[in-house]
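Heads up, the thing below is written out as structure tokens.
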Amino acid sequence: MKKIEAIIKPFKLDEVKEALHGIGIQGMTVTEVKGFGRQKGHTELYRGAEYVVDFLPKIKIEIAIADELLEKAVDAIVQAANTGRIGDGKIFVLDVSETIRIRTGERGPDAV
């Protein structure tokens, strides 16, 4: 099994959710996060004072999936989240050694 962690722009969440649902992925965890990469934030003007916004709002999506769905899921996220601009985000793929459904005790792919 694999775990995908994708950091995307907030306004792309619905498109990514629909793309993943379209390939059969039923569940995900979504968290509002802040961060920066090559964007390095930006400056804004508020009531005449300039200040630096270092951390930009992002969305973190976490999905646990079977190995055979990995490439489809990554492709779906890339296509749905891409704007062609800096700050589109990143996708991290991690190995999952064990998954357990708390309610039933199911393990492995059956627990997802």
Side-chain angles (χ1 to χ4, degrees):
M1 291 191 59
K2 302 289 184 197
K3 178 181 180 185
I4 297 175
E5 293 183 1
I7 310 296
I8 63 169
K9 291 184 175 184
F11 66 89
K12 285 293 194 171
L13 177 59
D14 286 336
E15 290 176 52
V16 171
K17 183 182 79 166
E18 291 302 319
L20 290 170
H21 183 71
I23 62 167
I25 294 176
Q26 298 177 6
M28 68 179 70
T29 300
V30 176
T31 311
E32 292 181 12
V33 296
K34 292 184 179 189
F36 69 91
R38 290 187 180 158
Q39 286 174 285
K40 296 186 177 81
H42 62 279
T43 57
E44 288 189 5
L45 200 60
Y46 180 71
R47 295 188 177 179
E50 190 174 280
Y51 66 99
V52 177
V53 178
D54 289 335
F55 294 98
L56 302 171
K58 301 288 182 181
I59 295 291
K60 180 178 180 182
I61 299 171
E62 297 175 86
I63 310 161
I65 59 170
D67 291 338
E68 57 269 11
L69 283 176
L70 178 63
E71 287 306 315
K72 281 184 175 180
V74 168
D75 290 343
I77 295 168
V78 168
Q79 289 179 1
N82 185 12
T83 67
R85 294 195 160 131
I86 193 167
D88 276 350
K90 295 270 190 301
I91 299 173
F92 304 97
V93 178
L94 304 111
D95 288 321
V96 175
S97 60
E98 185 70 75
T99 304
I100 303 154
R101 184 185 311 264
I102 294 173
R103 178 177 54 86
T104 63
E106 293 171 288
R107 292 178 175 259
D110 292 336
V112 178

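Note that the structure is a prediction, hence the values are computed from the model and not measured.
Within 6.0 Å of NZ in Lys2 there are more than 12 heavy atoms belonging to other residues, nucleotides or ligands. Enclosure of atom CD in Glu98 by more than 12 non-hydrogen atoms of other residues, nucleotides or ligands within 6.0 angstrom is indicated.
We find the CD-NE2 distance between Glu18 and His21 to be 6.5 Å, quoted to the nearest 0.5 Å. Interatomic distance, NZ of Lys9 versus NZ of Lys58, reported as 6.0 Å (0.5 Å rounding). Going from atom CG of Asp110 over to atom CZ of Arg107 covers 12.0 Å, rounded to the nearest 0.5 Å. Lys90 NZ to Ile7 CD1: the interatomic distance, rounded to the nearest 0.5 Å, is 10.0 Å.
In this structure, Ile25 shares a hydrophobic cluster with Ile4, Ile8, Leu13, Val16, Leu20, Ile23, Met28, Val30, Ile59, Ile61, Ile63, Ile65, Leu69, Leu70, Val74, Ile77, Val78, Ile91, Val93, the cluster being traced through Ile, Leu, Val, Met, Phe, Trp and Tyr side chains under 4.5 angstrom apart.
Taking both residues in full, the closest heavy atoms of Ala19 and Ala76 are given as CB-O, 3.9 Å, listed atom of the first, atom of the second, then distance.
Side-chain atoms of Asp88 come within 3.5 Å of backbone atoms of Thr83 as a donor-acceptor pair (strictly under, hydrogens ignored).
Residue pairs satisfying the salt bridge (charged side-chain N to carboxylate O under 4.0 Å, His left out) criterion with at least one member in residues 63-86, sequence neighbours excluded, are absent.
Scored by the side-chain hydrogen bond (donor to acceptor under 3.5 Å, both in side chains) test, Arg101 finds Glu106 as partners (sequence neighbours excluded).
For the pair Met1 and Pro109, the minimum side-chain heavy-atom distance is below 4.5 Å.
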